[in-house]
Amino acid sequence: MKTTRVTARLAGLAVGLALGVSALAVTRASAADTPQKGGDLIMLRAEQLRTLLPSQPTDNASIWPIEEVFNTLLVPKQDGSGVAPSLATSWEQSKDGLDWTFHLRHGVKFTNGQEMTSKDVKFSIEETSKPSSPFAFINAAITKVTTPDAYTVVIHTAKPFAPLPADMAIFANSIVPYDYAGMTPEAFSKKPIGTGPFMLKSWTPGVEATFERNPNYWDKGKPYLDSITFKVVADSNTRANEVQGGQAQIDEFPAFSSITALQNSGTAKIGTYASSRVDFLSINTQKKPFDNVDVRRAIASAVDKNTLVKVVLFGHGKPAGAYMSPSSWSHDPSITGYPYDLKAAKAFLAKSPVPDGFKATITVASGNSDQQTMAQIIQASLAKLGIKITIQTLDPSAAYDAKQNGNYDMGFSYDTTDIVDPDEIIRFTGSYDGGSHGLYSFYKNKEIDSWIAKAATLNDQDARQKIYFKVEKAWNEAQPLVPLFYTPELYAYASNVHDFHPFVTGNYNLADVWMSK
Amino acid sequence: MNGAGMATRKTDGPAGAGGERASAGQAPLLEIDRLCVSAHINGQDWRALENITLRVDRGETRGLVGESGSGKSLTLRAAMGLLPGSLSVTSGAIRFKGRDLLADGGKAMAAVRGTGIAMVFQEPAVALNPVMRVGRQITDSVSARRGWGRRQAREFAVELMDQVGIRDPKRWVEAYPHQLSGGMRQRVMIASAIACGPELIFCDEPTTALDVTVQSQILKLFSKLQADLHAGFLYVTHDLSVVAEFCSSLSVMYAGRIVEQSDDLKAMVQAPVHPYTRALLGAVPRIKGPIQRLRGLSSSAPPLTERSQAPTAPLAEVSPGWQVAPASPEEVELFETGVQAWEAQA
Amino acid sequence: MTEVMIEKKRAGLMSRIGRTGRRRGNTHLLIGAVIVGLIVLMAICAPLLTRYGPIDQDFTATLQGPSWTHLLGTDNLGRDLWSRILFGARTDLFLATVAVAAPLVIGTAIGALSGYFGGWFDTIIMRIADIVVAFPFYVLVISLVFIMGNGVGSIFAAISIVSWVAYARIVRAETMVLSSTDFVDALKVGGLGSGRIVFRHLVPNVVSQAIVYAMSDIVANIGVIVTLSYFGMGIVPPTPDWGSMMADGQPFFAGGYYGLMVVPAAAVIVTSFGLSLVGDGLANVLRVKR
Amino acid sequence: MLRFLIRRLLLLIPVVVGVATLTFMLMHMTPGDPARTYLGDRASPQALAALRHQWGLDQPLWRQYLAFMGGLATGNLGQSMFFHDSIVSLLAIRLPPTLLLMAIATLFSILISVPLAVWMALSRGGAVDTAVRSFNSVAQGTPLFFTGAVLIAVFSLKLHWFPVAGYGKTFGEHVVSLILPSIAVALVIIPFLIRGLRGALIDALNSEFVNFAKAKGLSRRAIWTHYALRNAAIPGISILGIQVGYLAGGSLVIENVFAIPGMGTFLMKGILNRDFPVVQASALIFALLVIFVYLLTDIAYGLFDPRVRVK
């Protein structure tokens with residue numbers, strides 16, 4: 001999910017069925033070890049937990065703890081290929097495709113003892129659909145939610161809407177007690193009542209938050225851990241040291257440079273997991289000369305993606321071609337983007353209105369050493385084309401503001417998905433009015449926008465895939481964004497942590513995690 | 001107040017200007033014997049004091065005069081072991097009641113300070129600890145030595161302050177040095193010096209920093225103490241009128257040496273032998289007696305680093321207790337003609 | 001007041017016999033001057049001392065340790081650390097020194113005037129000084145970085161806005177001491193205008209203390225530049241500067257690549273060592289209490 | 001004494017108003033919209049508008065300023081945008097670590113500087129004197145986060161004497177976790193303090209009143225404690241005051257490196273998130289901290305130096 005991070009997080013290789021990926025071992029405890037109960041897991045992160053009200057946050061630092069306190073009707077499969085039952089045991093779509101019916105699990109209790117029924121589900125979905133909630137767009141297709149009986153919920157959509165089940169697995173549609181069990185949303189966000197594996201024990205804003213095991217969690221026997229604590233540690237060195245020193249178990253955000261040291265430290269291990277993340281060099285197509293496609297193609301041909309992977313990611317990544325991540329079925333493997341070829345770049349530039357180059361800036365977030373490094377590499381190679389780049393460093397929120405309002409030339413951005421269905425990202429990254437104006441490229445293409453809208457209405461995945469491939473080819477031609485590389489989710493964790501497998505959408509599922517003594 | 005009789009010690013000899021010479025058998029109160037001090041500047045040793053020899057007996061007040069830079073203050077500081085880091089005693093002895101203070105690495109010196117020898121400094125403004133109440137500064141040494149409590153020490157301080165002429169001492173005993181006038185500060189210092197009942201008191205130009213009226217009051221105080229304590233005084237000054245009024249014997253110093261000294265001040269003043277002494281005494285305006293042309297000295301002593309390092313002849317005995325350094329022709333010419341040269345300019 | 005003058009006279013008196021302090025002060029000045037001189041020299045003829053440009057990237061040789069081809073090794077972009085230190089010296093020393101000049105001049109002037117005139121002028125100046133000192137430096141710097149864009153300009157402005165206060169305070173104290181002496185009264189009686197008195201007579205007497213402080217201020221400025229780079233508000237890449245080299249190297253420290261941070265840190269330490277020796281030596285020569 | 005205190009507190013008001021106004025102005029001038037930063041790209045315009053209204057950002061600037069200053073006067077520092085908590089309760093969490101850090105660092109500085117300065121004054125020009133002086137020059141130039149990184153690498157990772165970072169739960173853990181950061185911070189203060197104390201001690205030892213004390217036959221120990229140290233304390237206190245004042249601002253780096261939830265990181269987060277109430281409150285707290293330290297210094301100055309007290 002797009003976040004403002006002080007230091008950018010670039011993870012290793014994505015496990016993608018279609019790509020036959022390189023041999024980065026996925027470390028996993030041998031199946032023979034049986035999970036043991038007990039243990040307090042401490043997780044380090046760069047950003048602080050802001051709120052525990054599911055309909056409020058947009059930042060990962062708040063989303064992931066919410067996913068441990070609440071449940072959703074469905075959950076994404078671990079490899080991102082679809083959704084699985086959670087609070088809803090089964091679901092089906094009506095013949096005319098306009099109604100989705102969900103059958104709820106029986107005997108699920110909230111932490112205040114109240115039983116979870118369809119009334120709570122209706123309230124939760126309607127709460128997130130309110131315009132004031134930042135994730136209202138996810139439920140935009142929903143017209144009405146009805147509760148025929150205590151354990152059945154029917155969701156009506158204006159047009160057939162294939163991604164609905166995936167949307168029911170998103171944290172924003174977590175199930176909260178009806179009317180927040182009588183509390184105000186503000187109070188509820190500080191003392192949440194959910195059905196999830198953990199309950200809030202103590203929370204020092206901006207410092208740390210501790211969640212203890214929910215004794216009567218509906219998935220009997222889980223969670224194994226006694227408690228989990230999320231601690232804020234801004235400095236990446238300090239996080240690496242704490243995990244190495246045994247003071248914490250998981251570093252959510254290890255710097256690439258510390259990977260080799262952590263791996264041979266003996267006390268910590270590096271886990272790489274499938275991720276939907278794709279990093280781009282956004283180009284502001286509104287401004288001259290970037291409105292010209294040849295200029296953009298010249299820039300794309302002058303970006304040496306292999307060097308970026310080697311120098312910035314220390315090899316933990318793969319150069320990007322298509323806009324969609326290999327972890328999604330909408331990824332078109334045949335697209336490989338513009339190869340690094342300065343002669344071709346010069347040729348493109350010759351055809352453009354500025355054949356002998358021009359001046360431009362790359363906007364970078366301060367404190368983000370990876371962005372600084374990439375900017376300097378691109379600066380050096382563009383200089384060979386006569387394109388003189390100055391690096392403009394702004395603090396994260398100012399850099400973000402500049403990209404939002406389009407007063408920048410080029411900048412770095414990335415995007416991850418929150419649902420397994422590609423619809424969310426494609427609309428967000430590709431279409432003009434998808435929230436980030438085509439990931440800040442302000443690239444308008446009516447044709448692409450219409451394809452995206454049409455694909456959302458089809459039920460057949462192959463048909464949708466054909467359309468998405470057409471969309472990606474169009475983007476590749478126009479290059480409003482230069483895709484840089486695909487990176488896996490990367491975590492450093494202590495060797496006594498087992499079965500820690502974050503999903504493609506980022507959910508931790510700490511209910512399955514256990515610690516050996 | 002037990003044993004506080006210090007202030008009015010019994011004297012074992014008649015007080016008097018001339019002072020009675022100690023009999024040969026008993027060691028003198030203070031005997032400085034051929035004391036040499038040198039300064040280490042930029043890697044070289046320069047002689048600051050050369051063969052200083054003088055004696056002070058109980059009840060005697062010896063004046064030590066000379067221009068600034070003649071080494072008179074230095075002699076006092078050497079005798080008290082207060083030489084700054086760059087200066088050191090190279091030879092000679094300082095015997096207090098027969099015991100050489102330099103011999104055993106400063107232990108004797110430490111034992112003697114305060115109870116044996118006391119010292120009053122020139123500038124009361126900087127010689128008192130600015131952050132300590134005056135009462136406490138007067139008695140901190142003696143009360144530590146005699147294990148007195150705060151209250152007892154305070155009473156003794158008030159008594160001493162009264163004795164040195166500070167009006168309403170109760171009001172000032174808790175005051176800080178900067179709250180007192182120059183004269184009062186000097187009296188505090190004197191009170192502090194005599195607190196431990198010393199037998200010998202060094203005075204390093206104690207009145208120079210004060211204005212004339214206060215100066216005479218302090219001198220009266222010294223005379224009173226001289227009578228009461230029957231202590232020996234070594235009084236450094238460049239003010240010859242003070243010498244005349246207060247001292248019984250005199251030593252004259254020039255360029256780090258004693259050029260002339262006598263146990264009988266009057267005799268020496270009437271007929272000084274050494275040309276420098278004559279020039280020095282001649283430079284004093286007489287109020288009484290016939291009007292004489294003022295005689296001045298053209299040049300003061302050369303700075304330390306320009307003095308010749310050749311050893312000078314020892315003092316010769318003019319008469320018992322009266323020694324004079326033989327003056328070289330150049331010195332005679334310098335001190336005699338110096339006067340004409342000055343007149344010619346005027 | 002007279003106490004101080006007597007103390008000086010007495011010190012004068014004793015000093016005729018010479019104090020050891022002055023000679024040792026010179027050796028401090030000498031060693032310091034040699035170190036700083038050497039660094040300045042290396043910075044000036046940097047191109048002669050190295051084959052590589054400070055921003056030449058070589059991706060075949062990233063994160064190498066010290067070797068004959070790269071004396072101090074290379075950074076994550078394969079740039080030669082030895083050349084970046086040399087050219088970095090130019091940026092940092094120039095900025096740190098220039099960023100002392102303005103506050104020294106402004107601070108001394110304000111300090112002298114407020115020390116001499118006192119009254120409401122002095123109170124206002126001192127209240128402004130309180131606000132400037134109390135104000136968290138980083139809020140100021142970050143805002144300046146936005147208004148003027150980051151890089152040398154905003155750093156220079158930020159440092160100048162804050163550090164004139166120290167000079168003003170030092171000079172004000174010394175001026176107040178002097179302006180109550182007969183020496184200043186004599187000037188007034190002599191009919192001189194207050195402007196001439198302050199700037200022609202008072203300032204030369206009090207400026208030595210400020211100059212000595214300036215030495216340690218240069219050291220402090222280098223520290224500020226380094227810290228600003230740590231928070232990403234320092235010199236604009238790719239211009240080499242010790243601060244950003246250290247900030248870029250910091251994430252690699254836990255990764256075992258110590259050189260990236262240790263090399264620039266050593267450069268900063270050695271330069272500060274030289275500068276503070278010069279400061280000490282200067283203090284002795286100018287006979288100023290540090 | 002009371003009159004002196006009241007006068008100083010009254011002088012406080014213009015400074016507080018000055019700092020508050022300056023922070024308000026600077027924060028509102030810098031680009032970056034807190035609502036957008038908080039809600040991210042996905043937020044709909046209505047969501048942004050709702051949040052801006054909730055935070056009162058849609059009001060004209062001068063009214064926001066009046067509201068802020070009004071709140072200041074009544075002690076209501078408002079709500080943090082990002083932490084969903086009242087500033088006062090947040091400060092209750094964030095202020096103690098910084099105060100404790102400053103206290104321990106000041107204690108370390110005194111415990112290390114005084115004996116060293118005495119030893120150096122005694123053995124003037126000797127090996128110890130030169131060694132510590134060169135150490136001072138080096139320590140003064142060493143950047144804080146480099147010292148921090150080295151201290152962690154040696155004492156936490158290799159020797160396991162101290163936790164790598166963090167602040168712990170109980171008071172005991174607080175103190176233990178603050179020892180390394182305090183040493184790092186103390187290393188900035190010590191050079192200045194030692195140089196000041198050493199100079200003052202040497203001046204005192206060469207002074208006339210120490211000569212007079214020796215002449216009175218006072219013991220060496222009495223001379224050192226009541227004459228030399230008492231007088232050297234005066235410049236010592238003013239140097240300590242100034243350095244601890246800088247420390248208040250400088251704790252930012254160390255809190256970041258050692259992950260201490262103090263005012264430094266709180267202010268920095270506030271700035272990065274454009275959380276105006278947090279920035280304005282923290283800036284004020286820092287200002288008050290610095291002024292409080294200067295006030296303490298002046299009071300201590302008065303205690304030690306009677307000449308000042310009388311004024």
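This structure is a prediction, so every number in the text was calculated from the model and none was measured.
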Closest approach of Phe146(D) to Ile269(C) (non-hydrogen atoms, all atoms of both residues): CE2-CD1, 4.4 Å
Where on Val270(C) is there a heavy atom nearer than 4.5 Å to chain D: the side chain, the backbone, both, or neither? neither
Under 4.5 Å to a heavy atom of chain C? For Leu11(D) that would be both
Do Phe135(C) and Val290(D) touch side chain to side chain, with heavy atoms closer than 4.5 Å? no
If you count heavy-atom pairs under 4.5 Å with chain D, which of Ala220(C), Ala134(C), Gly32(C), Gly223(C) comes out on top? Ala134(C)
Drop me the distance from Phe135(D)'s CZ to Phe273(C)'s CZ, to the nearest 0.5 angstrom. 12.0 Å
Picking from Ile242(D), Val16(D), Ile291(D), Val138(D), which has the most non-hydrogen pairs under 4.5 angstrom with chain C? Val138(D)
Let me know if Ser134(D) has heavy atoms under 4.5 Å from chain C in its side chain, its backbone, both or neither. both
Name the option with the most non-hydrogen atom pairs under 4.5 Å to chain C; the candidates are Ala149(D), Gly18(D), Ala200(D), Ala139(D). Ala149(D)
Chain C contact via Ala153(D) - which portion, at a heavy-atom distance below 4.5 Å: side chain
Could you tell me which non-hydrogen atom of Gln140(D) sits nearest to which non-hydrogen atom of Val219(C), and how far apart they are? O-CG1, 4.0 Å
Heavy-atom distances under 4.5 Å only: say whether Leu140(C) touches chain D with side chain, backbone, both or neither. both
To the closest 0.5 Å, what do you measure between CD1 (Ile13(D)) and CZ (Arg127(C))? 12.0 Å
I need the Tyr294(D) OH to Asp130(C) CG distance, nearest 0.5 Å. 8.5 Å
Max heavy-atom pairs within cutoff under 4.5 Å with chain D, candidates Ser272(C), Gly243(C), Gly274(C), goes to Ser272(C)
Under 4.5 Å from any heavy atom of chain C - which part of Met268(D): side chain
Do you know which of Leu144(D), Asn256(D), Thr130(D), Leu157(D) has the most heavy-atom pairs with chain C at a distance under 4.5 angstrom? Asn256(D)
d(Leu277(C) CG, Arg133(D) CZ) to nearest 0.5 Å is 8.5 Å
Region of Leu267(D) that comes under 4.5 Å of a non-hydrogen atom in chain C: side chain
In terms of heavy-atom proximity below 4.5 Å to chain C, should Val257(D) be classed as side chain, backbone, both, or neither? both
Smallest separation among heavy atoms of Ile131(C) and Pro14(D), with atom names: CD1-O, 4.0 Å
Counting only heavy atoms not in Phe292(D), do more than 12 sit closer than 6.0 Å to its CZ atom? no
